[in-house]
Amino acid sequence: NAGGELVGIVNAKSNSDSSGNAVDNIGFAIPINSVKPIIEDLISHGYVTGKIVLGVTLVDITDERTAHYYGLEHTGVYLQSVQSGSIADLGGLRAGDRLVSFGDAQITTGDDLKTALAAHSVGDRVDVKVVRNGKEYTHSLVLTEYVPESANLFCFPYTPFHIVSARPLPAAGGALL
C-alpha cells in the first residue's frame with residue numbers, strides 16, 4: 001500500500017484476456033492476513049504445522065466405462081498406492097481399496113476426501129470404510145501431523161522482523177491487486 005506495508009502476495013497475474021488481447025494491471029493476490037500464520041510457521045518450525053497427509057495416491061473412477069476398462073465393478077475413489085509407514089498404511093489401508101466413507105462423510109470423489117479431511121484435526125481418530133475384494137471393512141486411523149524430513153533446514157531461530165496484520169485499504173485510495 002502507500003505506507004509500504006505488505007497487503008497481499010501475488011499468486012496469479014494475467015497479461016491477456018481470454019481472447020488473447022493484451023491487458024495490464026490485472027492480478028490476483030492472497031491477503032496477507034491469510035498468509036501470516038503460514039509465514040510464522042515456516043519461520044518458527046520450518047514447515048506449516050497442523051497439516052495431515054494420509055500418504056495415499058488416489059484414482060477417481062467417475063464412469064462405468066472407465067471402471068469396466070480397469071476391471072472394476074464400481075465407480076468411486078480407489079487407492080492407487082499407499083506410502084509405507086504413512087497414516088493410511090498404519091491404519092490398514094491397502095492399494096486397490098475403494099473408499100466408501102471417511103468419518104461421517106460419504107466419499108465418491110477425491111475432492112470429497114479432501115473436504116472430509118479438512119474437517120478434522122491432528123489427533124482425531126477417524127473410522128474409514130473401504131471395500132476390498134468385494135467386502136466392506138472399517139479401519140480406524142489416528143490423524144497425526146505431517147512433519148517433512150527437511151523441516152529443520154528451513155527453521156529460522158532468529159527473525160530480524162515482525163509480521164503485523166495489514167490494515168484494510170481505504171476504498172478511494174485502494175489498489176487493484
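Both backbone and side-chain heavy atoms feed into the values below; hydrogens, waters and symmetry mates do not.
If you chain together hydrophobic residues whose side chains sit under 4.5 Å apart, Val82 and Val142 never meet in one group. Note: the hydrophobic cluster containing Ile107 also contains Leu117 (ILVMFWY, side chain heavy atoms under 4.5 Å, direct or indirect links).
Here the OG1-CD distance, from Thr108 to Gln106, works out to 8.5 Å after rounding to the nearest 0.5 Å. Residue Asp112 holds its CG atom at 12.0 Å from NZ of Lys114, rounded to the nearest 0.5 Å. In this structure, Ile87 CD1 and Ile52 CD1 are separated by 6.5 Å, a value rounded to the nearest 0.5 Å. One distance of note links CG of Leu141 with NE2 of His120; it measures 10.0 Å at 0.5 Å rounding. To the nearest 0.5 Å, the span separating CG on Asp60 from CG on Asp111 amounts to 7.0 Å. From Lys129, atom NZ reaches atom NE2 of His139 across 12.0 Å, with rounding to the nearest 0.5 Å.
Under a 4.5 Å side-chain heavy-atom criterion applied to ILVMFWY residues, the cluster that includes Val53 comprises Tyr146 as well.
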- Verdict with supporting geometry, Leu113 and Leu54, side chain to side chain contact (heavy atoms under 4.5 Å, CB included): CA-CA 10 Å; Leu113 178 60; Leu54 294 178; 4.1 Å; yes

- Query: When you look at Val48 and Leu42, which way does the side chain to side chain contact (heavy atoms under 4.5 Å, CB included) test go after all the steps?
  - Reply: CA-CA 6 Å; Val48 180; Leu42 291 172; 4.2 Å; yes

- Query: Taking it one step at a time, do Asp124 and Leu143 satisfy side chain to side chain contact (heavy atoms under 4.5 Å, CB included)?
  - Reply: CA-CA 5 Å; Asp124 288 353; Leu143 305 180; 4.1 Å; yes

- Could you walk me through whether Thr62 and Thr109 pass the side chain to side chain contact (heavy atoms under 4.5 Å, CB included) check? CA-CA 8 Å; Thr62 57; Thr109 67; 5.5 Å; no

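Under the rule for a side chain to side chain donor-acceptor pair (under 3.5 Å), the partners of Glu145 that lie at least two apart in sequence or sit in another chain are Tyr47. The side chain to side chain donor-acceptor pair (under 3.5 Å) check on Thr138 picks up nothing, with sequence neighbours excluded. The ring-ring contact (aromatic ring centres under 6.0 Å, His included) check on Tyr78 picks up nothing, with sequence neighbours excluded.
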Please tabulate, for side-chain N and O atoms in residues 90-104, each donor-acceptor pair with protein atoms closer than 3.5 Å (sequence neighbours left out).
unit_1, atom_1, unit_2, atom_2, d
Arg94, NH1, Asp89, OD1, 3.2
Asp97, OD1, Arg132, NE, 2.7
Asp97, OD2, Arg94, N, 2.9
Asp97, OD2, Arg132, NH2, 2.9

Return all side-chain donor-acceptor pairs below 3.5 angstrom for residues 65-73, not counting sequence neighbours, or 'none' if the list is empty.
unit_1, atom_1, unit_2, atom_2, d
Thr66, OG1, Asp63, OD1, 2.9
Thr66, OG1, Asp63, OD2, 3.1

